[in-house]
Amino acid sequence: MIEVGDQVRIGESGGSIFVVREVDGAEGRAVIESVDASAAGRYPFSMPLGALVRVDPGQ
């Protein structure tokens, strides 16, 4: 289960890491934001929970 504060990728092979800011279980979506402060266009956006894969924070 994806929770607020988890670090995730979009899909198994996703290259970027995001932090979960909000989870809406009823809608099956989460608001995520890049953990890279220098990422171009860094802003929170919504993704389906099924597209997110949790990663260890040390990766």
Side-chain angles (χ1 to χ4, degrees):
M1 174 141 170
I2 302 291
E3 298 178 352
V4 172
D6 285 349
Q7 290 189 358
V8 297
R9 294 182 193 272
I10 300 172
E12 290 287 336
S13 61
S16 299
I17 299 176
F18 302 86
V19 65
V20 177
R21 298 293 183 203
E22 298 175 31
V23 175
D24 184 342
E27 292 290 324
R29 299 188 70 82
V31 174
I32 61 174
E33 183 176 16
S34 177
V35 296
D36 182 358
S38 64
R42 182 178 183 229
Y43 56 89
F45 60 96
S46 178
M47 287 292 298
L49 288 170
L52 303 177
V53 177
R54 189 185 329 214
V55 298
D56 292 327
Q59 289 186 340

ask   = Transitively linked via ILVMFWY side-chain contacts under 4.5 Å: L49 with V31?
value =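 Different clusters.
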query = Between V55, V53, L52, V35, which is the residue that forms a side-chain contact (heavy atoms from CB on, under 4.5 Å) with V8?
reply =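 That would be L52; it is the only one of V55, V53, L52, V35 passing the side-chain contact (heavy atoms from CB on, under 4.5 Å) with V8.
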message = Less than 3.5 Å apart, any donor N or O on the side chain of S46 or R29 sitting next to an acceptor on the other?
response =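 S46 vs R29: donor-acceptor pair found between side chains.
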ask   = Do F45 and I32 come close enough that some side-chain heavy atom pair is under 4.5 Å?
value =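 In short, these two side chains touch, coming nearer than 4.5 Å.
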request  = For D36, check side-chain hydrogen bond (donor to acceptor under 3.5 Å, both in side chains) against everything at least two apart and list the hits.
outcome  =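 Result, side-chain hydrogen bond (donor to acceptor under 3.5 Å, both in side chains) vs D36: S38.
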For residues 14-22, dump all side-chain donor-acceptor pairs below 3.5 Å to protein atoms at least two apart in sequence or in another chain.
unit_1: R21; atom_1: NE; unit_2: E33; atom_2: OE1; d: 3.0
unit_1: R21; atom_1: NH2; unit_2: E33; atom_2: OE1; d: 3.4

task = Mind checking side chain to side chain contact (heavy atoms under 4.5 Å, CB included) for E3 and listing every partner two or more places apart, or none if nothing turns up?
result =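 Counting only residues at least two positions away or on another chain, E3 forms a side chain to side chain contact (heavy atoms under 4.5 Å, CB included) with M1, D6.
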